[in-house]
Structure formats: C-alpha cells, structure tokens
S.K.: 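Before we start, here is the structure in question, set down as structure tokens.
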Amino acid sequence: MSDVPESAGQASQAQPPPPTQAPVDLPPPAAQAAAQQQSAQPFSAPPPPDGPPVIYHDKSLKNGISKCPYCGSSDIQLDTGTGLLHCNYCRREFAEASDGIDGDISLLSGLHTTMGASDIAFDAADVVTLKCTACGAEVVVDTNEAPQARCHWCRNMLSLNQQVPNGAIPDALMPFRITREQARALIEQFVGKRRFFAHPRFKSEFTTENIMGVYLPYMVIDINAHSEFRGEGEHETRRYTVGSGNSRKTKYDADSYAVARVFDLYVDDLTVEASTDKLNQATAVNSNNVINAILPYPLKETVRFNANYLRGFTSEKRSVNRSQTEDLMQAQVRDIARWKAWQLAPFYNRGIRWDIQDVTVKGELWKTVYLPVWLYSYLQNKPDGSKFLHYVAVNACTGETMGSVPIHKPKLLAISAIIEIIGIVLGVFLAVVLFLAT
Amino acid sequence: MGIIAFIYVLAPIIADSSDSDAAAAAPLLLLVSGFVFYGYIYARYRNADKRHSHERETTAKTANLEQIDTFIQSRKGLNNARMQGANQDRVEGALNEGGGEGSKLLKEFMPLLGQGQKQG
C-alpha cells in the first residue's frame, strides 16, 4: 500500500509522544452549510463529500505543522488505496476539504483567477524558510524538492500550504487512488500487448519497479461563453449506383439548408497543462502527448491543497502563466462550441460548413491543480545519436493508460515488406480476375 | 499477430463499403497492404495520434438555443458521401502534431480508402 519511503511502523517509532492539545474541532454540518451559504454568489464552496470526516477550514490552510484532527500528530501521508490522508500515529484516515472553488458558471463575468493561478514571479526564490510552530526553529523548505521538511529539532513535519510566488503551490489537488501495484499491472498489460515489434533492448530492460508517482500541474478553467455558428448543411436524401462493371459508381442526392445555431455555452473544468515541458507535444521529439491522452480526471472530487498528499511522491512546479495558455484555452473553447453545435444539428448527416464561427468568452475563472500520474519512462538511444523519451502514463484516478513503446524498425520493415509482396501478387491476381469477370 | 492486425485494418474498410466499392477497392488495398500494415503497427506502438479529446470529454452545457434551418436547394448526383467543405468536426486546440511517420502514412492512405482516421 505504502508509496512512501517510511513505513507506518517505522514512522510510529520515530514519532514523539502524541501532542496533548485537543484535535482540530470539526464544525457541525449545519455550520458548514451556513458558512457556504454566506458566500454563495457567484462562487461558493460545495457541500462536503459524504463518507469520511472532512477537515473544514474557515480560512486557508496555514504553513507550518498540519496536524491529524484526531491525535494531533504531524506524521500524515496519503493512503493510495483509499485516496484519504492516513495518520501514521493513530492510523485513522480523513480527507482534506473540497477546494471550494466552484459555482454557477452562467453567472461568471469577466476574468477571475485564484491565488494559485496568479502570475509566477520567475525570480522568486525556490527556498522558503518556515518557523516551526512547535519549537520555534527555522526550517528551510526547498520547493524544487517538496513542499515539506521535517524540523531537525522536534521532528515535526512542516508543510508549505499557502501559495508562494514561484508557482509551487496550486489551489487544489486530486489524490492518488490507483496504487503502485495496480499501476504496475496496467503498465505491464499495456506493454505486454506491444511486445512483438518492441525494440529488443527495451524488452530486455523493461521493468515497472521504478515507476514514479508524479503530481503534474494543470490550469483548470470554467468558462461562460456565447457561441454563434452560421453556415450551410446537407442532408442525404438518396444513395444509388450508376453504371455497370468497373465503371459503377455510388452517387448521392442531398438537400441543402442554411443552418444557424446560437447558444450560451458553460464549460466546466477545461483542463490544460501548466508546464512548458508538458505543453510541448511535438510528437517527433517527445511522447508528452500520451500524458495528455489520459485526461480527463473527476475534477469535482479535488481537495484543497495540503502538502501531506505529496509525501512520498514527486511533483512538478507550474511554469506557465495564465496569459501563456490563453490562446490555447480560446482554441479549445471554440472546439467545444463547434462540437456542441454539431450535436445540436444531427439532421445534417453529410456535414455542415460553418462560415461564421463566433465564440465570445464572457467570463472565465482560472485555478491550478495537481493531478496524479503514474509514470514509466524509457530513454531510447537512437542509431543517429539522438535520444527519445518514451512514457507509459496511468491516470491515477481512473486507471486510463496510454504510452509509447520503442519499435524494432528492421523487424517491422521486414514483415511489412513480406506483406507488401504478398499483397501485390494477390492484388494483381484479383485485378485480373475482376477484369476477366467483366 | 501481424495477420490479425492486417485483417483488423482491412475488415472494417471492406465492411463499410458497398459491394461494388469493395470489389473495386480490394486490389488497391492489397497493393498498399505493406504500407498500411507498417502505419498501423507504428501508430499502435507509438500512439503519436492520441490526445485528450477536449472537445468531447470536457463537461459543457448549452442554454438559450436559437436555431435556423432554411431549405435552399436539392442537389443531385453528388460524388462524395461527405459534404464539400464540411468543417463541423474541425479541431484547432490539439497540441500533438497528429502522429509520427507511421500514423502520417496511415493518414495518407485512409482517405484514399474511404476511411478518415479520427484522433482520440
């Protein structure tokens, strides 16, 4: 189960006696509901999820010691089997609150960004110093490594939970739900179906023992848009064959219509990569597209960022600002609108030629999230001296798997050539038979 | 495995064609079978054409719909099954380039065989 270096047992032995202070008080559900209603318009916190107890914070999570609500221990990590936080001291499990950044998209007007989606200060320091709230020591957290560090004096775990200017802390995250063992099985199954033409060196070196659990940064955007599509559509009325023998042809009759679809469009949680590396999906030089292909995630189940979820996993810092992905967002909203317009005009079974495609974004809300991926990577050294990094990626919530497997080209070319020769012989034979038959 | 993949590629093409089209397309298919097989295997291993289908998989709702459908004319004896200039399924916001050498090869052949390769 555990994906972290320390086992629960080891952590318990190293942990100081449980703190004497009372656990964090959880407000009753009625109080939570009242608090949510107060900030209901236009965006409000959704009701807490059913099931495990939820840590509800009236204010943002603080930097410093993040304690178990039951026993006060700071030795907390994610249980990938349940997607819940697990206290290594009292062994109880609980969830962080929903990120609470949601609402009625039809009321969205203008540009809104959360703290986590605000522009990165690229000259901001990666190292942040936190003051331990238990013993007062100054503890250095290197955000390039992890948003947590253990106090070297009192051994409490200190977490960086509030946004910092270098883009290291998103608003929300989706916990891992697929375990390492499940991910290994999915990757082995994926590669197992592609072994015959796989490169022999890859086959000999392939192992899933070193797969990495990674949180990757994404921009998640709600959009209120108005769409206007006008053009011409065709509906097939008749399909028939003319001519005879080899000159037979299929012909079509169709009715042509002037078509317009004008509608409001509410896009919920459009997801785009927030890292310059992963935005580069030039498939001739990388296989980043397979990480893109395992989207989407169940984004209604994200939780407020809590550094304890990252313990034992790696994470990639956000490296792009909203303005750098604005054009991509606009293009994808037009795609969604065009798709919806098509769905709203099923009568035109020969297609529609839209001459006017006008999509106006009236309101947009940007937030940042970490999404969990199990990643197998293989660096292929090609004969020309170039290198190519192949990924097999598993969506750590849904289990959707996609990847790139290096090919043994000589073998593929040889078998393709054999098939081509057989095909030419059969093709010529068949053409002669057909010619003689007519 | 190769034969299965070959049949996998060819079977739906022939199945979707009318009898006369299938008969005419069969020799052509056989003449390019090695190229099609190479493209299919390359695409299956490399998956360069795969991407998140944001246009279909993103949750989106429509409201306040206004629609116009005005008859213009009837057209007879058209040669193509798809309307000329149709762009209702165009995608602008895909980040991948749509494939390496294998899937590009496959894409070049599929329209010739009457099969458009869809992304996603």
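In the text below, chain A, chain B and the rest are named by the order of the sequence lines, each starting its count at 1. On a predicted model such as this, the values are computed, not experimentally measured, just so you know.
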S.K.: Hey, what do you get for CD1 (B:Ile41) to CD1 (A:Ile407), rounding to the nearest 0.5 Å?
M.R.: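 Reported value, rounded in 0.5 Å steps: 8.0 Å.
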S.K.: Please rank A:Gly427, A:Ala254, A:Pro406 by heavy-atom pairs under 4.5 Å with chain B and give me the top one.
M.R.: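 Heavy-atom pairs under 4.5 Å are most numerous for A:Ala254.
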S.K.: Can you sort out the partners of B:Glu57 under salt bridge (charged side-chain N to carboxylate O under 4.0 Å, His left out), two or more places apart, ordered by chain and number?
M.R.: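 For B:Glu57, no residue satisfies salt bridge (charged side-chain N to carboxylate O under 4.0 Å, His left out) once neighbours in sequence are set aside.
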S.K.: Are A:Glu420 and B:Phe37 side-chain neighbours, meaning at least one heavy-atom pair lies under 4.5 Å?
M.R.: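 Sidechains of B:Phe37 and A:Glu420: no contact.
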S.K.: For A:Phe347, does the CZ atom sit with more than 12 other heavy atoms under 6.0 Å from it, leaving out its own atoms?
M.R.: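 Yes.
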S.K.: If you define the side chain from C-beta out and look only at heavy atoms, does anything of B:Arg51 sit under 4.5 Å from A:Gln281?
M.R.: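 With C-beta onward as the side chain, the pair stays apart.
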S.K.: Does B:Val91 reach the side chain of A:Trp339, with side-chain heavy atoms less than 4.5 Å apart?
M.R.: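 When only atoms from C-beta onward are counted, A:Trp339 and B:Val91 do not touch, as no gap falls below 4.5 Å.
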S.K.: Please determine whether side-chain contact (heavy atoms from CB on, under 4.5 Å) holds for the pair B:Leu95 and A:Glu273, giving the CA-CA distance in whole Å, both sets of side-chain angles, and the decisive distance to 0.1 Å.
M.R.: CA-CA 10 Å; B:Leu95 288 170; A:Glu273 287 81 355; 3.8 Å; yes
S.K.: What pairs with A:Arg230 under salt bridge (charged side-chain N to carboxylate O under 4.0 Å, His left out), at least two apart in sequence or on another chain?
M.R.: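 With sequence neighbours excluded, A:Arg230 shows a salt bridge (charged side-chain N to carboxylate O under 4.0 Å, His left out) to A:Glu228, given in chain and number order.
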S.K.: What residue, out of A:Ile336, A:Thr237, A:Asn289, A:Val405, has the most heavy-atom pairs lying under 4.5 Å from chain B?
M.R.: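 When all of A:Ile336, A:Thr237, A:Asn289, A:Val405 are compared, A:Asn289 has the most.
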S.K.: Between A:Asp335 and B:Arg56, is there a side-chain N and carboxylate O pair less than 4.0 Å apart?
M.R.: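 No.
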S.K.: Among A:Thr271, A:Leu344, A:Ile294, A:Val290, who wins on heavy-atom pairs under 4.5 Å with chain B?
M.R.: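 Winner by heavy-atom pair count: A:Leu344.
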S.K.: Could you check if a side-chain atom of B:Glu55 sits within less than 4.5 angstrom of a side-chain atom of A:Arg338, using non-hydrogen atoms only?
M.R.: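 No. Closest side-chain heavy atoms not under 4.5 Å.
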S.K.: Please flag which part of A:Leu279 lies under 4.5 Å from any non-hydrogen atom of chain B: side chain, backbone, both or neither.
M.R.: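 When you check distances to chain B, atoms from both the backbone and side chain of A:Leu279 fall under 4.5 Å.
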S.K.: To the nearest 0.5 Å, how far apart are CG in A:Leu430 and CG in B:Leu31?
M.R.: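 Reported to 0.5 Å precision, the distance equals 9.5 Å.
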S.K.: In terms of heavy-atom proximity below 4.5 Å to chain B, should A:Gln330 be classed as side chain, backbone, both, or neither?
M.R.: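 It is neither, since no heavy atom gets under 4.5 Å.
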S.K.: Within the structure provided, determine whether B:Arg46 and A:Phe388 are in side-chain contact (heavy-atom separation under 4.5 Å).
M.R.: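 Answer yes - side chains close enough.
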S.K.: Does B:Asn87 reach the side chain of A:Gln357, with side-chain heavy atoms less than 4.5 Å apart?
M.R.: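 They are in contact (side-chain heavy atoms under 4.5 Å apart), so the answer is yes.
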S.K.: Name the region of A:Phe190, side chain, backbone, both or neither, that has any atom closer than 4.5 Å to a heavy atom of chain B.
M.R.: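 Just the side chain, heavy atoms under 4.5 Å.
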S.K.: Side-chain contact, heavy-atom cut-off 4.5 Å: A:Arg350 with B:Leu78?
M.R.: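 A side-chain contact under 4.5 Å exists here.
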S.K.: Where on A:Arg334 is there a heavy atom nearer than 4.5 Å to chain B: the side chain, the backbone, both, or neither?
M.R.: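 Interface part for A:Arg334: side chain.
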S.K.: Contact part of A:Tyr240 toward chain B, heavy-atom cut-off under 4.5 Å: side chain, backbone, both or neither?
M.R.: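 Just the side chain, heavy atoms under 4.5 Å.
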S.K.: Quick check on the interface: out of B:Asn80, B:Thr58, B:Thr70, who has the most heavy-atom pairs with chain A under 4.5 Å?
M.R.: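 Going by pairs under 4.5 Å, I would pick B:Thr70.
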S.K.: Given the rule in the side-chain contact (heavy atoms from CB on, under 4.5 Å) test, do B:Leu30 and A:Phe429 qualify, once you have shown the distances and angles that lead to the verdict?
M.R.: CA-CA 10 Å; B:Leu30 289 164; A:Phe429 175 75; over 6 Å; no
S.K.: Looking only at non-hydrogen atoms, find the nearest pair between B:Tyr42 and A:Lys409 and report the distance.
M.R.: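 Taking B:Tyr42 first and A:Lys409 second, the nearest heavy atoms are CE1-CE, 3.9 Å.
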S.K.: Hey, mind stepping through A:Val259 and B:Gln88 against side-chain contact (heavy atoms from CB on, under 4.5 Å) and telling me if it holds?
M.R.: CA-CA 12 Å; A:Val259 188; B:Gln88 80 282 353; over 6 Å; no
S.K.: Distance-only, no hydrogens or angles: does the A:Arg194 side chain make a donor-acceptor pair with backbone N or O of B:Arg44 under 3.5 Å?
M.R.: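 Checked: pair present.
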S.K.: Quick check: closest heavy atoms across A:Gly423 and B:Ser33, and the distance to 0.1 Å?
M.R.: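 Shortest heavy-atom separation between A:Gly423 and B:Ser33 comes out as CA-OG, 3.5 Å.
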S.K.: A:Ile352, A:Leu328, A:Asp268, A:Asp255: which one forms the most heavy-atom pairs within less than 4.5 Å of chain B?
M.R.: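 Ranked by contacts with chain B, first place is A:Ile352.
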S.K.: Is it the case that atom NZ in B:Lys61 sees more than 12 heavy atoms from other parts of the structure closer than 6.0 Å?
M.R.: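 Not more than 12 within 6.0 Å, no.
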S.K.: Give the member of A:Ala337, A:Ala341, A:Ala417, A:Ala198 that has the highest number of heavy-atom pairs under 4.5 Å with chain B.
M.R.: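 Maximum pair count with chain B is reached by A:Ala198.
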S.K.: Indicate yes or no: does A:Glu400 engage B:Lys50 in a salt bridge with an N to O separation below 4.0 Å.
M.R.: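 Looking at A:Glu400 and B:Lys50, the cut-off is not met.
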S.K.: Measure from the side-chain N and O atoms of A:Gln332 to the backbone N and O of B:Gly93, and report whether any donor-acceptor pair falls under 3.5 Å.
M.R.: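 Yes, the answer is positive, given that a donor and an acceptor are paired below the 3.5 Å cut-off.
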S.K.: Side chain, backbone, both or neither: which part of A:Asn292 has an atom under 4.5 Å from a heavy atom of chain B?
M.R.: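 Looking at A:Asn292, backbone and side chain both touch chain B.
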S.K.: Calculate, to the nearest 0.5 Å, the distance between atoms CG and OG belonging to B:Asn96 and A:Ser287 respectively.
M.R.: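 If we round to the nearest 0.5 Å, B:Asn96:CG and A:Ser287:OG are 12.0 Å apart.
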S.K.: Working to the nearest 0.5 Å, report the span between OH of B:Tyr38 and CG of A:Leu412.
M.R.: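 It is 5.5 Å, given to the nearest 0.5 Å.
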S.K.: Taking all non-hydrogen atoms of both residues, which atom of A:Tyr257 and which atom of B:Ile72 are closest, and how far apart?
M.R.: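 Shortest heavy-atom contact: C-CD1, 3.5 Å.
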S.K.: With a 4.5 Å cut-off on heavy-atom pairs, point out which of A:His235, A:Lys251, A:Arg261 contacts chain B the most.
M.R.: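 Most heavy-atom pairs within the cutoff with chain B belong to A:Arg261.
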S.K.: How long is the straight-line distance from OH of A:Tyr252 back to CG of B:Asn79, given to the nearest 0.5 Å?
M.R.: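 OH of A:Tyr252 is found 9.0 Å from CG of B:Asn79.
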S.K.: Measuring from A:Arg195:CZ to B:Tyr45:OH, what's the distance to the nearest 0.5 Å?
M.R.: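 So the gap between those two atoms works out to 9.5 Å.
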S.K.: For a 4.5 angstrom cut-off between non-hydrogen side-chain atoms, does A:Glu234 reach B:Gln84?
M.R.: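 When only atoms from C-beta onward are counted, B:Gln84 and A:Glu234 do not touch, as no gap falls below 4.5 Å.
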S.K.: Can you tell which part of A:Asn286 gets under 4.5 Å to a heavy atom of chain B, answering side chain, backbone, both or neither?
M.R.: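 Just the backbone, heavy atoms under 4.5 Å.
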